[in-house]
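Since the structure comes first, as structure tokens, the remarks are kept for the end.
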Amino acid sequence: MTREKMETVSMKKEAPLGWIYLNRPEKLNVINEKMIDELRQLVEQMEKDNEVRVIIITGNGKAFCAGADISHFKTLNPEGAWLFAKKGRELMDYIENVRKPVIAMINGYALGGGLEIAMACDIRIASDDSQVGLPEITLGIYPGFGGTQRLPRLVGKGKALEMMFTGDRIPSMEAQRIGLIERVVPKEKLEEETRNLAMKIASQSQTSLAEIKLLVNKGTDSSLDAGLNMESLGWSLAFTTEEAKTRIDQFLNKGKNKG
Ligand SMILES: CCCCC/C=C/C(=O)SCCNC(=O)CCNC(=O)[C@H](O)C(C)(C)COP(=O)(O)OP(=O)(O)OC[C@H]1O[C@@H](n2cnc3c(N)ncnc32)[C@H](O)[C@@H]1OP(=O)(O)O
């Protein structure tokens, strides 16, 4: 097991899993520029590491992440705000497109930019005491790290507008009901359930995982016809991989190896 600690994030490599911790627990892991840089660095590092097959992002302490650091807003002029939002947005795009599955393990509040990180991940699993929301409107602003685009794609337009218009926090069970979170588990089982899910995914073909992720992400933003064509092209290539040949042979030969 390898561990690494930076100023605002830390990591634990427990191959085939790579755990990334947002690590400003005394401030509920709020996001500053340093965190954006360091989180990106760790995700890139794990993307390149062949021993890591699934990446998990979570928060240290009692929150996943309470959003962007509001104390930093006072110093922002419009140009600075634009640059900060751009940097954050590029990080979310990077997480969304990294060629490995990324799971958000939500351990408490996931608000504002924190929920935007979770929404850029592929799957969200949360403890039963977690709360999520986009409360930016209560500060006179609105989501700037992709929330106005990713939330409606996950929960539909009406629910997304309701959440962003009110800024209300919703419990994880409600978030699961509307399709924002995939699994809710008892707080004390969060890590175990996340590990089980991640290990199951990690046992699958890496090529297939990467292709499925790409097809779903690009396909949902294309016409059905374009998406189906992408699937057909990709599928025919996947069929020729050594891994597919081996797994298909294993399935076909399993009866022959019995008694
Ligand atoms: C320019 C582009 C921006 C891009 C888009 C992103 C925007 C955003 O994310 S805006 C921020 C959205 N988030 C929020 O509005 C949440 C604000 N926080 C809260 O409402 C509460 O802290 C809470 C409900 C999450 C938790 O309440 P509680 O359990 O009572 O804990 P405390 O309030 O005492 O928090 C502990 C500690 O953390 C500081 N803190 C919490 N959230 C933030 C934040 N977003 N920014 C800065 N600091 C935050 C809080 O001030 C406390 O600090 P101390 O007083 O020094 O202990």
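Any value given below was found using the heavy atoms of this structure, including those in side chains, with hydrogens, waters and symmetry copies removed. Counting starts at 1 for both ligands and their atoms, in listed order.
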Less than 4.0 Å between a side-chain N and a carboxylate O, is that true for [Y] and [X]?
| X | Y | value |
| --- | --- | --- |
| Glu14 | Arg195 | yes |
| Lys13 | Asp49 | yes |
| Glu116 | Arg150 | no |

Atoms in ligand 1 flagged as close to [X], the criterion being non-hydrogen separation under 4.0 Å:
| X | answer |
| --- | --- |
| Phe145 | 4 (C) |
| Arg169 | 24 (C) |
| Pro135 | 12 (C), 13 (N), 14 (C), 15 (O) |
| Gly113 | 6 (C), 8 (C), 9 (O) |
| Gly112 | 9 (O) |
| Gly67 | 9 (O) |
| Phe84 | 1 (C), 2 (C) |

Protein heavy-atom contact under 4.0 Å for [atom]?
| atom | value |
| --- | --- |
| atom 51 (O) of ligand 1 | no |
| atom 46 (N) of ligand 1 | yes |
| atom 24 (C) of ligand 1 | yes |
| atom 10 (S) of ligand 1 | yes |
| atom 55 (O) of ligand 1 | no |
| atom 43 (C) of ligand 1 | yes |
| atom 34 (O) of ligand 1 | no |
| atom 38 (O) of ligand 1 | yes |

Heavy-atom nearest option to atom 41 (C) of ligand 1, drawn from Ile141, Leu139, Asn32, Leu28 | Leu28
Part of [X] with heavy atoms under 4.0 Å of ligand 1, whether side chain, backbone, both or neither:
| X | result |
| --- | --- |
| Ile31 | neither |
| Val30 | side chain |
| Ala66 | both |
| Glu26 | backbone |
| Glu136 | side chain |

Assess the pair Phe145 and Phe84: is the distance between their ring centroids shorter than 6.0 Å?
-> yes
Under 3.5 Å, is there a donor on one side chain and an acceptor on the other for [X] and [Y]?
| X | Y | answer |
| --- | --- | --- |
| Asn60 | Asn23 | yes |
| Asn107 | Thr58 | yes |
| Gln45 | Glu4 | yes |
| Asp225 | Ser223 | no |

To which protein heavy atom is [atom] closest, and what is the distance rounded to 0.1 Å?
| atom | answer |
| --- | --- |
| atom 5 (C) of ligand 1 | Gly144 N, 3.4 Å |
| atom 40 (N) of ligand 1 | Lys27 O, 4.1 Å |
| atom 29 (O) of ligand 1 | Lys62 NZ, 3.1 Å |

Arg169 to Tyr109, cation-pi by 6.0 Å centre distance and 45° axis angle | no
Could you report the tightest heavy-atom contact between [X] and [Y], atom names first, then the distance?
| X | Y | answer |
| --- | --- | --- |
| Phe64 | Ile57 | CE1-O, 3.4 Å |
| Asn29 | Ala63 | ND2-O, 2.9 Å |
| Asp221 | Arg153 | OD1-NE, 3.4 Å |
| Arg53 | Lys100 | O-CB, 4.0 Å |

State whether the number of non-hydrogen atoms from other residues, nucleotides or ligands found under 6.0 Å of Glu79 atom CD is greater than 12.
-> no
